[in-house]
Every structure is written in C-alpha cells, then in structure tokens.
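Positions are given from 1, in the same order as the sequence printed here. What you see below is based on every heavy atom in this structure, not just the backbone, and it leaves out hydrogens, waters and symmetry mates.
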Amino acid sequence: MTSYEDPEVRYTYRSTLVDQLRAEGEFQVGRIRLLMPQSFGFCWGVDRALAMVNDARKEYQGKPMWLLNSIIHNPRVNDDMGEMGIQFLKGKQSVPGALEELNESDVVIVPAFSAMVEEMEDLKSRGVKVVDTTCPWVIKPHKRAEKYVREGFTTVVHGTVGHDETRATCSLVRSLGGEFVIVHDMREAEILARYLEGTLDAQELLSGLHPQAVRKNFEPTPHLQRVGVINQTTMLASESRSIAERLRQALLKRWGEQELSDRFRDFDTICQATQENQDAATAVVDSSPDLFLVVGGYDSSNTRNLARVGDAAGVPAWHIQGPDCISVDCLEYRERHTGEIKTKKDWLPEGPISVAFTAGASTPDAILGQVVERVVAVAGESLGQEV
Ligand code: SF4
C-alpha cells in the first residue's frame, strides 16, 4: 500500500457530483440551495482500512478471508466486503461456528475500531494471519488508558457501551487489572459527578449507569478515588469537554485544589477527522438552513453525533442511512434520543429552501451523492448540466 488515498477505494466510492459540490461549497438548483460543509465523509482511518483490505486480497488470494466484525459502520461497505468473498465472524452477517474453526490457513481482518484483547489472543493462539486495520487514532485512548492503569487511576470513558472501540478499550483496561466507568452522555456524567462530590451513594451511582458501564465486582469506594478521562474517538467533542470539566469540578469540590492533580486526569482523545467534521457541520448549520441531512450508517457513532450538531443549533436535523430513506412524502430517519427508526411525512417544505448535508466518516461519497440527487428530484428540480 503506497498511499492511504488508495485509487481503487476512491474509484469505488467516489461521486463526481459530490466532488463538484465539495469544491463549490454551495449551489442553487431551482428552488433549492444545497449547502456542503468544508469537511465531511470518509476519514483517513477508513481510507487506510479499505486500502489495507484491498492489499490483503491481493496478497492472500485464494485463502479464506474473514472480517472479525463490520469493517466500518456502513451497511453498503460491509455488503461490498461480502461480495468480494470476505465473510464475517461476528455480527448480523456472521457464519455460525466459523470463529471456533479458524486455523493457520485463514486470514482475519481486524476492523478500524480495533478488537478486544481476548479476541486478539484467540486469533493468535489459532495461528491465523491477522490483518490489523486498527486506526492509529484509536490507539491514542488505548495508550492513555494504559497510562491511567499504571498510575492507579480508574479510566472514565466518554463512549457507548457495546461500541466496538469502547469494548476494545475497556478490555485492555481489564486485561491490565484496571477499572473503567463508561458514561454515555452528560446525564450519566452528572450521576458520576454527584457520586464523586459526595451527594449520591454507591447504590444510586450504579443504578443510574448502564449495567455494563463498569465491570463485575466494581466497587465505587475504592475504585473512584482517582479518575482519568478519555473519549471514544467519535463522540461529540463539545460534550466530551463538558463532561471532563464537570468531573473535574466535582473532585475539586470534594477534595480541594491541593489534591485535585493527584485525583484527576483528562486527555482529549477525539480523533482529528471527527473534530474537523463536527466543526465544519457547526459552521454550515450556523447559516440556519431549513434542513440538515446527515448521511451515514444508523450504527455509526460519529454520524449520530453529527446529527446532534444540528440539534444544538436548533436546525431540523435528520440522520438518514441513504437514498432509499427518501421519498416524495416520507423521510425515514433515526430518532436520536431513542435510536428508533421512524418516518416523517411532508418533510420537505414548499417554496425556496436551503438544505445542508454532511456525511459520517464511514459514508462513501457515492451514497451522499445519491442522497443529494434524490432530494433535488423530490423537490421537483433537476441537476441537469448545472452542477
Ligand atoms: S473516525 Fe477517526 S478514529 Fe475512526 S477511523 Fe476515522 S480517523 Fe480513525
């Protein structure tokens, strides 16, 4: 692999329409104004992972090739993996029993989010060839968590229970004999903060968090004397900063300035692509578009958080998976608070409108381009030769 900008990957997933919109920034088509942020779509880590898959297919041609789980959180890209003959060991598309039968003749691709320590050890013990596409940005929270364990801090992860990256980080902490607490949002961080400042008891803390937010036998009193904060790389950056500050204030209140540095650590592990896409989305919704369409897999953390950028600006923001979510009278979307897939009728206003778009770090430009085309068509306009 000579470059992370693998031409084959770019060719497969590119869109000339999106290339042009990216260059223009905004474009008027009849009654509809299309607004594009300065940064969106495939990140460096995804480009790199897909390029590594391409290289592995050439190098290990003829060998059984497996993905430990989704390569990235986008259904189209995962379906493409299946069409290339790469099968899945875990998740919805997995082959039952395949994991237990792996041997030296198999090649296993570890996704960009990394894998649990136990999974990596199992692959090693079976002698399979591992192609590890873990994004270097995901290593950053791992390194910091290792440091926290070494220094006697419990790792507080702003992340999502069950997300592949956070599962991997927590398994690393566990394997080193450390402790972790996962807080998903400001509400859960507030529960932890109130325990840390002494206004909630241990039972109230544990019942307020997700049952898997801590490991079995976690004991708040000994394990929450010293805490270090990290973030899943794809969380909402502004929320991560607020959570760290709230926890810092709680410990300050409980222990005072003198003890704070011995009891609290904070390290921003949001990845650069997430930060840039969120900053660019913030800038585009600041222009108050009538709609903000956020395109990406429903299980994509960074895409979900891009939709929250629209909410924060008071702009109607809809997280959709692709062009099939759009019809003349109905829009299918993921409801942010409940995670339910819902539909909205009469979603496209009449008259002159502006529609801002963005796409998650795992969303191919080709899908975003199809979404733009569908929105323009539903608005009764035609891209024609204009773009
Ligand atoms: S979103 Fe960030 S951490 Fe995830 S693959 Fe892309 S660059 Fe890496």
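Asp311 and Ala317 make their closest contact through OD1-CB, 3.9 Å (heavy atoms, listed as atom of the first residue, atom of the second, distance).
Because its NZ or CZ atom is not both nearer than 6.0 Å to the ring centre of Tyr195 and within 45° of the ring axis, Arg254 does not count as a cation-pi partner of that residue. Note that Arg334 lies outside the cation-pi zone of Tyr298, set by a 6.0 Å cut-off to the ring centre and a 45° limit from the axis.
Between the side chains of Gln272 and Glu276, at least one donor N or O sits under 3.5 Å from an acceptor N or O. Asn302 and His73 share no donor-acceptor pair across their side chains, judged by distance under 3.5 Å alone. Counted by atom type alone, Ser240 and His158 present one or more donor-acceptor pairs between their side chains at under 3.5 Å. For Thr234 and Glu165, the side-chain atoms include no donor-acceptor pair closer than 3.5 Å.
Side chain of Thr343 to main chain of Leu331: no donor-acceptor pair is present (N/O by atom type, distance under 3.5 Å, no hydrogens or angles). At distances below 3.5 Å, not a single donor-acceptor pair connects side-chain atoms of Gln370 with backbone N or O atoms of Ile367. No donor-acceptor pair under 3.5 Å is formed between the side chain of Glu219 and the backbone N or O of Thr221.
Counted within 6.0 Å of CD on Glu100, heavy atoms from surrounding residues, nucleotides or ligands total more than 12; the atom is thus considered enclosed.
Taking the charged nitrogens against the carboxylate oxygens, Arg167 and Glu119 do have a contact shorter than 4.0 Å, which makes a salt bridge.
Looking at Arg246, Arg308, Arg304 one by one, the single match for salt bridge (charged side-chain N to carboxylate O under 4.0 Å, His left out) with Glu239 turns out to be Arg308.
Side-chain contact check for Val309 versus Leu236: some heavy-atom pair is nearer than 4.5 Å.
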